[in-house]
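Letters A, B, ... mirror the listed sequences (proteins, then strands); counts begin at 1.
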Amino acid sequence: MKASWVAEKKSVETSLVSGAELFIQGLQDEKVEVLFGYPGGAVLPIYDALYKSEMKHVLTRHEQGAIHAAQGYARVTGKPGVVLATSGPGATNLVTGIADAMIDSIPLVIFTGQVATTVIGTDAFQEADIVGITMPITKHNYQVQRAEDLPRIMKEAFHIANTGRKGPVLIDIPKDVAVKTAEVKEVAGIHLPGYQPTLKPNILQVKRLNEALLQAKRPVLLTGAGVLAAGAEKELVAFAEYHQIPVAQTLLGLGGFPAEHPLCLGMAGMHGTYASNMALYDCDLLIGVGARFDDRLTGNLDHFAKKAVVAHIDIDPAEIGKNVPTEIPIVGCAKETLSALNQTRGNKGDYNEWVIQLTKHKTEFPLTYKTDESELKPQKLMQVLHEVTKGEAIVATDVGQHQMWAAQYYTFLESNRWITSGGLGTMGFGFPAAIGAKVGKPELPVIAVVGDGGFQMTLQELGVLQDWELPVIVVIVNNKSLGMVRQWQEIFYEKRFSHSLLDIQPDFIKLASAYGIDGKRAETEKDVREALTFALASKKPFVLDCVVTADENVYPMIAPGKGLHEMIGVRG
Amino acid sequence: MRRIISATVLNESGVLNRLTGLLTKRQFNIENITVGHTEDPAVSKVTLTVWVEDDCKAEQLVKQLHKQINILKVRDLTNMALVSRELALIKVLTTPDTRSEIKMLIEPFRATVLDVSLENVTLEVTGDGEKIDALIELLRPYGIKEISRTGVTAIPRGTQKKVLELHPYSIM
Ligand SMILES: Cc1ncc(C[n+]2csc(CCOP(=O)(O)OP(=O)(O)O)c2C)c(N)n1
């Protein structure tokens, strides 16, 4: 009895499995639910192991689609998105998405195949130095040299991707490493001496911020994606409400604070609200939370928050003081830091006058546009989307005017409903990101809001909707142009519309129908309501081609080089 | 201003690539860089001399380096009391007339002659960058055939006192 037990145990201990099987095992250990990927020569052993496993894999129609889908998935689930692609062109097709995830701090673990270790460096077929290529656009990357290292590397990669300031981690797996066998051993914890993110804030700095709050007369919170990444929405509301501090949000931070809250000023920055931008301009205490003060937000730095003491809460110490001189630096995760602030709160300052002033700004200079009953205004389109979906839908956008209109007019009441490419501004992002979001949150309606230009960059992913019958609704904001480019050419280049008008277009409805997907063209508000109501009820994929005013511009706007107080197109 | 930054890094492939890539990306100009093993075989030490505009940029540099997973520790040594050294090999043209003159000239620099041929001598000199620059200037009139410099390596002094009063480069 005993002897056989020993023998059995021994056979388990010495059982050898391939690198590819270790890969599957690693995914299971990390509780990965789905991979987004595309096969090829160097990953054949891995795809063979996938075939034999239960792991769900979404085959996109382009690697760029796979990685943006993984980003969308990560944004709505809070889990790392997992991507798999082959070596060479498969890997290089991921580069845009990796850069996008890096700058927007989206957790991804990306697996690429590589040529065999025996031929690396010989310019072998489909060899590309993806580790070298992605070094500046990954939080970390690895090339696996031995199958037995894979479990440890995977464990580290998932940990690095989804802790601290989140981001993409790439693991390059040479083909022979996936084939070679190794013993299955438990990974004994994570040992990363060079990686210890600070989560808890320094209590001294928290105290300083509390003191600054007492001194302040005109404080404002600027909240970014860090609030969402940390899941600090409740703490934020509690903090803002207790002190009565108005809240401006970055593009990526939308939804972190409810848009209809009386203290919410809306989005700040280049196309932000008058109230938000003037609050940032006039404030005497600026509290940045998980926002990185990028140039589209700040405008000309010479005019940014010049009258203010700046406090900056960020999990990444390198963000603090990078663009804006900071008196009160607080390194820590948004949730921990806001809790600490809430726990140590004492006397309150009196900001009543300030809040009244900003509320007046809100009512006097709201976001507006010229209504015209004869045309479908893109802004109206966004408002209708909100109404019909009751603001419950996940909205993923592409990049351009429609993105700004969605940000301005969809009105995000809840967190994790908003997916957009902020830092990199990647056209082609929106549609596949919506697919990933639907895979991650099948229970919520998902709308891809795309331009007629950007949709054509990744529309091959209609194949995924067809394949999985995924009820994603694609709303094309069709202005027959590369609208944002057209707008800049109109304003700054005397209407020389150099290569920005898309008069020649495919019939998007026929295109959808080629993929077996229903579609409709909408030219009025009524068309939109009807089609959208139908599409939501049908629980099937749908393409809604909305013909909007072709020469509509996004306002307000801050021209490049101007300060936040120099908005154009503000109307009362 | 010039900064001496020291980074302790994991001795893994790609670390140096990541480090220098980061500096390029953020537009820091590396004047020189040295890399070598430390007392721990798994760890290497990189010493960088870089030009930065101001303290704010220097802080950014240290923080960005620190963010790298395989960089363990980063220190800006610039304002510390430190021992720093660079080594240079200098090949100078000689004639029978100038040979002894050069020997005399290099003496105060404690440079040594490593190799002698009919037309030239090769010297080794160790010290801070300014000392090496000075020697090179002195030798230039004789005709310098080749120079190879290692770049600066540095270590903070055992005692750090009155750091604030020290001129940043007084000990170099
Ligand atoms: C990959 C990529 N290429 C180019 C750009 C530059 N760009 C920014 S917005 C824009 C126009 C987008 O047009 P469209 O998708 O039709 O959206 P619209 O602005 O009309 O809403 C372009 C070309 C970009 N952001 N991304």
Notebook entry, point to check: Taking every heavy-atom pair that is under 4.5 Å apart, which of G132(A), P197(A), P317(A), G164(A) has the most such pairs with chain B?
Noted result: P317(A)

Note to self: Are there over 12 heavy-atom neighbours, none belonging to K307(A), within less than 6.0 Å of that residue's NZ?
What the structure shows: yes

Check: If you take all heavy atoms of I320(A) and K63(B), which pair is closest and at what distance?
Finding: O-NZ, 2.8 Å

Check: To the nearest 0.5 Å, what is the distance between CD1 (I69(B)) and NZ (K139(A))?
Finding: 5.5 Å

Checklist line | Spacing of NZ belonging to K67(B) relative to OH belonging to Y195(A), to within rounding of 0.5 Å | finding: 10.5 Å

Check: So which heavy atom on C56(B) is nearest to which on G321(A), and how close?
Finding: SG-O, 3.6 Å

Margin query: With a 4.5 angstrom heavy-atom cut-off, is it the side chain or the backbone of D316(A) that approaches chain B, or both, or neither?
Written below: side chain

Checklist line | Rounded distance (nearest 0.5 Å) linking atom OG of S13(B) with atom CD of Q145(A) | finding: 6.5 Å

Item checked: Q27(B) atom CD, over 12 foreign heavy atoms within 6.0 Å -> no

Next item on the list: Starting at CG of N17(B), measure out to CG of D129(A) and round the result to the nearest 0.5 Å.
Entry: 7.5 Å

Notebook entry, point to check: At a heavy-atom separation under 4.5 Å, does T326(A) approach chain B through its side chain, its backbone, both, or neither?
Noted result: neither

Margin query: Is it the case that atom CZ in R149(B) sees more than 12 heavy atoms from other parts of the structure closer than 6.0 Å?
Written below: yes

Check: How far does NE2 of H66(B) sit from CD of Q196(A), to the nearest 0.5 angstrom?
Finding: 8.5 Å

Note to self: Side chains of H140(A) and R18(B), heavy atoms from C-beta outward: is any pair under 4.5 Å?
What the structure shows: yes

Check: Near I155(B) CD1, under 6.0 Å, is it more than 12 heavy atoms from other residues, nucleotides or ligands?
Finding: no

Next item on the list: Nearest 0.5 Å please: distance from the CD atom of Q64(B) over to the CD atom of E319(A).
Entry: 7.0 Å

